[in-house]
Asker: 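To start, I am sharing the structure in question, which I have written as structure tokens.
All ligand and atom numbering here is 1-based and tracks the order in the structure. Computed from heavy atoms alone, side chains included, the values below leave out hydrogens, waters and symmetry copies.
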Amino acid sequence: MRPIERLMEKIPADADAALVASGHNRRYLTGFPSSAGLVLATRETALFLTDFRYIEAARRTVRGMECVEYASLSATLPELAKRLGLRCVLTEDEGMTVAEYRRFSGMLPGVELRGGVLDGLLGELRLVKSPEELAKIKEAQALTEYGFEHILPFIRPGRTEREVALELEFLIRRQGTEGVAFDFIVVSGANSSLPHGVPGEKAIERGDFVTMDFGARVDGWHSDMTRTVAVGSCSDEQRRVYDTVLRAQRAALSVLRAGLRCAQGDAAARDVIAQAGYGEHFGHATGHGVGVEIHEEPRLSPRSGGETLRAGSVVTVEPGIYLPGRFGVRIEDMASITETGCENLTKSPKELLVL
Ligand code: ZN
Ligand code: ZN
């Protein structure tokens, strides 16, 4: 069943329709990328509204929905609302700006725009990937791994972080991906202690750890991966920290399965790092869901409460240790949750490479 059909089934009896405006949720429902448009779905009908720039391509691509062209949304939307007899429409709280909400309210006088429900419905749908969606994520991950394999010979003393980031992006995009998943992180030496550092003009030096966090996008579906490599040489302490992160990462991967509390998934990695004495240097969550957004539900976090993992979710497992002003290590794979465990979608080696 298509995502739009699953959403239509879930519209509660006390509402007439769902209005989806955010780019990622529109794309999730239509499979079609556009900078403008709306999905309007009742229990019986699904419409994709968009303008002249997109309508031809939308009609060719979008399945299971009627594509409606508008010249002026403020004329078309009220007309449709009247025709469909809408009195209560579910809207997103997340991904809709206050300005958009006001605009829709102005266009639909007498229609109740109800927040608080739709984000949950969409979140629930997006939590479990269909086999087709999982295949897209795997395709994105394969391109990402191509990038990793081919960037390794490029990394050497004298290259700047920015050069490595650009080359890695070029390698991945040249393979035909729709785009990269996010601005790549390439940090080296002391900068590698910055979990989300920005690649700069710093040249890589012998003895540096280089951490690369990168991913691709295929038909809107993301991949996400991190590797840390050593350049030239590696101290005993660097190796100890690396091995600790790797053990933590494997520990978390070994416990993931449907029904596990997300917080336990996080704890499996966190405990290994704490026992090695680096607990205070691991300040982020162990993992996050990946899909039409690079960060989505579920979260493998100490703050995940009683939430449990579902079969079909795709999560990252990415513990790290960051020693301020010195160096850092993060290792990140993506895994697809099954009833009995998980399938690791990341095939690249993760034993410490000294280039
Ligand atoms: Zn990442
Ligand atoms: Zn990540």
Side-chain angles (χ1 to χ4, degrees), residues 24 126-127 129 134 136-149 151 161 164-166 168-169 171-173 177 179-188 191-199 209-218 220-229 242 245-246 248-253 256 262-263 265-266 268-270 273 282-304 309 313-322 328-337 342-350:
H24 51 268
R126 283 172 44 188
L127 201 55
K129 274 69 181 174
L134 185 59
K136 302 281 186 197
I137 294 174
K138 285 181 175 177
E139 214 179 300
Q141 180 54 27
L143 293 165
T144 304
E145 289 173 22
Y146 173 91
F148 178 62
E149 190 188 327
I151 197 65
E161 296 167 349
V164 173
L166 283 169
L168 184 55
E169 177 162 346
L171 283 164
I172 290 175
R173 295 190 76 146
T177 171
V180 290
F182 50 89
D183 289 339
F184 291 174
I185 296 167
V186 176
V187 283
S188 67
N191 289 343
S192 63
S193 74
L194 308 170
H196 273 194
V198 177
F209 265 160
V210 178
T211 296
M212 294 167 281
D213 189 345
F214 54 110
R217 204 170 67 227
V218 169
W221 296 90
H222 294 79
S223 64
D224 190 6
M225 148 178 194
T226 305
R227 287 293 182 267
T228 299
V229 297
Y242 189 94
V245 174
L246 184 56
Q249 210 250 0
R250 288 188 166 138
L253 282 166
L256 298 186
C262 295
D266 175 83
R270 197 167 300 281
I273 290 176
F282 174 29
H284 58 74
T286 295
H288 56 84
V290 180
V292 290
E293 285 183 285
I294 184 66
H295 296 126
E296 57 179 54
E297 297 303 318
R299 315 273 163 171
L300 299 181
S301 156
R303 291 181 293 281
S304 295
L309 284 172
S313 284
V314 171
V315 295
T316 66
V317 180
E318 50 177 308
I321 293 175
Y322 310 93
V329 174
R330 179 167 64 256
I331 303 169
E332 174 179 30
D333 288 349
M334 269 192 315
S336 157
I337 306 300
C342 70
E343 180 193 356
N344 193 335
L345 306 181
T346 308
K347 310 296 178 203
S348 296
K350 54 189 173 186

Asker: Kindly write out the residues that satisfy side-chain hydrogen bond (donor to acceptor under 3.5 Å, both in side chains) with Y146, not counting sequence neighbours, or none if the list is empty.
Answerer: Q175
Asker: Does H295 bring an N, O or S atom to within less than 2.8 Å of the Zn ion (ligand 2)?
Answerer: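 Looking at H295, which is the residue asked about, there is no N, O or S atom under 2.8 Å from the Zn ion (ligand 2).
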Asker: Check this for me: does any side-chain nitrogen of one of D333 and R227 sit under 4.0 Å from a carboxylate oxygen of the other?
Answerer: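 Here D333 pairs with R227 in a salt bridge, since their nearest N and O are under 4.0 Å apart.
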Asker: Listed by chain and number, what are the side chain to side chain contact (heavy atoms under 4.5 Å, CB included) partners of K129, not counting sequence neighbours?
Answerer: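 Partners of K129 under the side chain to side chain contact (heavy atoms under 4.5 Å, CB included) test: E133, I137, W221, E296, V314.
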Asker: Holding to side chain to side chain contact (heavy atoms under 4.5 Å, CB included), I want the full list of residues that pass it with R299, two or more places apart in sequence or in another chain.
Answerer: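 With neighbours one apart ignored, the set is H288, H295, E297, S301, S304.
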Asker: Could you grab the protein N, O or S atoms closer than 2.8 Å to the Zn ion (ligand 1) for me?
Answerer: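 Listed by chain and number, the nearby protein N, O or S atoms are D213 OD1, D213 OD2, D224 OD1, E332 OE1.
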Asker: Run the side-chain contact (heavy atoms from CB on, under 4.5 Å) test on E169 and V186 for me, step by step, so that the C-alpha distance in whole Å, both residues' side-chain angles and the decisive distance to 0.1 Å come before the verdict.
Answerer: CA-CA 11 Å; E169 177 162 346; V186 176; over 6 Å; no
Asker: Within a radius of less than 6.0 Å around CG of D183, do more than 12 heavy atoms belonging to other residues, nucleotides or ligands occur?
Answerer: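 Not buried by this count: 12 neighbours or fewer within 6.0 Å.
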